Amino acid sequence: MPELPEVEGVVQALKPEIEGRTIKQVQLSEIIRFSFSEGKQCIVKQSEPDAFEMALTQMTIQKIERRAKYIFFHLLKEDVSYILVSHLGMTGAWFVVNSPEEIGEAKFKKHIHATFQMTDGGYLIYSDIRRFGELRFLAQLADHAPLTKMAPEPFDEAASDFFIAKSLLPKYEKKAVKEVIMDGQVISGCGNIYATEALFAQKIHPARKMNRISEKRKRQLFEAIVAVLRQSIEAGGSTISDYRNINGGAGSMQNRLKMYGKKICPECGTDTSQMTIGGRTSVFCPNCQH
DNA sequence: GATAAACTCCGGTTGC
DNA sequence: TGCAACCGGAGTTTA
């Protein structure tokens, strides 16, 4: 499942391939169309499928950037700018190919949901096995309110102070630390994998209440999150489950994970424990983490 | 009104 | 071999 480092890898791979190119034609899948006719917004949000395809035709992709776990495609048509917001959900993947047939893995080829044919030939393709991802065409980010409520990028100078301030709010102070750090309105881009790793690195129990952690420890935890995110970006992300980069390739961070998905603590050899926190499976060492 | 918990989307994977 | 249970970002709905 793609988290911030994986999305960063996708964006870095897409940039040289796609920036500056113009979309000739867009084709959405029959599943998207059928779901829409049933009243559901499958992958494509806030737009009718026909309107989405029409709107993106002749758009030039000026710039691609990552924000939290989102990909922003900055678009331009007839001097007016727009944004295509993409979230990969659990199983979304982008491919840049000369023909859709080039997608090697059957399960990705089978679940193609958006095909962007470019004016210079070639295709930008969005595939999504479980359809948890989203494509949202907007005139401006404010047209989707949650995007304006995101915490700053964890690498921003102000992000640590932002985290401290948020953690003191009544809404968060009595919650489990893991639930808080995974909230995109508190810290951007920290999903289950990296929250698990950072809490283990800091020997903090994932269920510990926020108000039972000192400011100093909170700042240390924040730094641990930033460190593990940076390390993972350098390693090309974690290849777990259905994440692939745009070449269908794999990162290596999964080999460096110390607690996520582990049965035994690598530090002390104790069997790890599991519990559900904020609706998510959480792994920790009952001996090391307090 | 603010907050929280429940619910929704889905198919590959796992376990019986 | 078949089949039900399970999992999870982020948004929406219900309590």
Side-chain angles (χ1 to χ4, degrees), chain A residues 1-8 10 28-47 49 66-72 85-93 105-114 126-138 141-151 154 166-176 178-196 206-207 209-211 229 237-244 248 254 260-261 263 274-283:
Chain A
M1 60 195 113
E3 295 194 23
L4 185 150
E6 292 75 29
V7 178
E8 178 66 21
V10 170
L28 297 174
S29 69
E30 285 307 312
I31 286 173
I32 288 179
R33 296 183 165 282
F34 178 74
S35 296
F36 185 81
S37 73
E38 301 267 289
K40 288 184 268 187
Q41 296 195 10
C42 171
I43 299 177
V44 173
K45 316 291 185 188
Q46 276 180 271
S47 299
R66 179 191 59 72
R67 176 76 174 86
K69 297 183 213 169
Y70 292 90
I71 301 169
F72 292 169
V85 177
S86 158
H87 193 294
L88 301 175
M90 303 294 298
T91 54
E105 268 185 286
K107 58 184 175 182
F108 284 101
K109 193 189 286 187
K110 183 180 166 188
H111 297 280
I112 291 173
H113 287 291
Y126 180 71
S127 172
D128 195 337
I129 298 165
R130 270 175 246 183
R131 304 179 220 161
F132 272 30
E134 68 176 54
L135 293 171
R136 199 181 292 271
F137 176 75
L138 303 172
L141 288 180
D143 291 345
H144 183 54
L147 293 172
T148 66
K149 295 180 183 171
M150 282 191 287
K166 281 272 183 177
S167 74
L168 296 171
L169 297 177
K171 176 178 177 180
Y172 295 112
E173 66 166 3
K174 287 177 184 163
K175 280 191 174 177
K178 181 155 177 285
E179 195 175 348
V180 177
I181 64 177
M182 286 176 63
D183 188 319
Q185 293 183 32
V186 180
I187 296 176
S188 274
C190 181
N192 205 359
I193 297 173
Y194 302 108
T196 298
K209 297 287 182 277
M210 210 63 221
N211 61 7
L229 290 175
S238 302
T239 300
I240 289 173
S241 185
D242 294 314
Y243 165 72
R244 295 294 183 280
Q254 68 279 7
Y260 183 84
K263 296 275 184 249
Q274 265 197 32
M275 64 190 292
T276 301
I277 299 170
R280 314 253 154 64
T281 305
S282 302
V283 185

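Only a predicted model underlies this, so the values are computations on that prediction, with no experimental measurement involved. Letters go in sequence order (proteins before strands), and every chain restarts at 1. Computed over heavy atoms, backbone and side chain alike; hydrogens, waters and symmetry mates excluded.
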Please determine if a side-chain N or O atom of [X] lies less than 4.0 Å away from the OP1 or OP2 oxygen of [N].
X         : N       : value
Lys45(A)  : dT8(B)  : no
Arg131(A) : dC10(B) : yes
His111(A) : dC10(B) : no
Thr91(A)  : dC10(B) : no

Are [X] and [Y] packed together at the side-chain level, in the sense that at least one heavy-atom pair is separated by less than 4.5 angstrom?
X         : Y         : result
Lys178(A) : Thr196(A) : yes
Tyr260(A) : Val283(A) : no
Leu28(A)  : Ile43(A)  : no
Asn192(A) : Met182(A) : yes

Rounded to whole Å, how long is the line connecting atom [atom1] of [X] with atom [atom2] of [N]?
X         : N       : atom1 : atom2 : value
Ile31(A)  : dG11(B) : CD1   : C1'   : 11 Å
Tyr172(A) : dA4(B)  : OH    : C1'   : 12 Å
Leu169(A) : dA2(B)  : CG    : P     : 14 Å
Glu179(A) : dA4(B)  : CD    : C1'   : 9 Å
Ile193(A) : dC7(C)  : CD1   : P     : 16 Å
Ile277(A) : dA4(B)  : CD1   : C1'   : 17 Å
Lys175(A) : dT3(B)  : NZ    : P     : 10 Å
Lys171(A) : dT3(B)  : NZ    : P     : 6 Å

Residues two or more places apart in sequence or in another chain: which of them pass ring-ring contact (aromatic ring centres under 6.0 Å, His included) with Tyr126(A)?
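By the ring-ring contact (aromatic ring centres under 6.0 Å, His included) rule, Tyr126(A) matches Trp94(A).
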*asked:* Using the ring-ring contact (aromatic ring centres under 6.0 Å, His included) criterion, which residues pair with Tyr172(A)? Sequence neighbours excluded.
replied: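 With neighbours one apart ignored, the set is empty.
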Note to self: Which residue in the set Leu4(A), Leu141(A), Val85(A) passes side-chain contact (heavy atoms from CB on, under 4.5 Å) when paired with Tyr70(A)?
What the structure shows: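 The residue from Leu4(A), Leu141(A), Val85(A) that satisfies side-chain contact (heavy atoms from CB on, under 4.5 Å) with Tyr70(A) turns out to be Val85(A).
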| query | Got a sec, which residues hit salt bridge (charged side-chain N to carboxylate O under 4.0 Å, His left out) with Arg67(A), two or more places apart in sequence or on another chain? | reply |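 Arg67(A): salt bridge (charged side-chain N to carboxylate O under 4.0 Å, His left out) contacts with Glu153(A).
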request  = Apply salt bridge (charged side-chain N to carboxylate O under 4.0 Å, His left out) to Arg136(A) and list each qualifying residue two or more places apart in sequence or on a separate chain.
outcome  =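 Residues passing salt bridge (charged side-chain N to carboxylate O under 4.0 Å, His left out) with Arg136(A): Glu134(A).
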### Query
Roughly how bent is the helix from dT3(B)-dA15(C) to dC16(B)-dG2(C) end to end, in steps of 10 degrees, with each end axis from five pairs?
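Here the local axes at opposite ends form an angle of 50°.
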Expected string for nucleotides 9-15 of chain C under the B/S/- scheme (protein heavy atoms, under 4.0 Å, primed atoms plus P, OP1, OP2 as sugar-phosphate) is BBS----
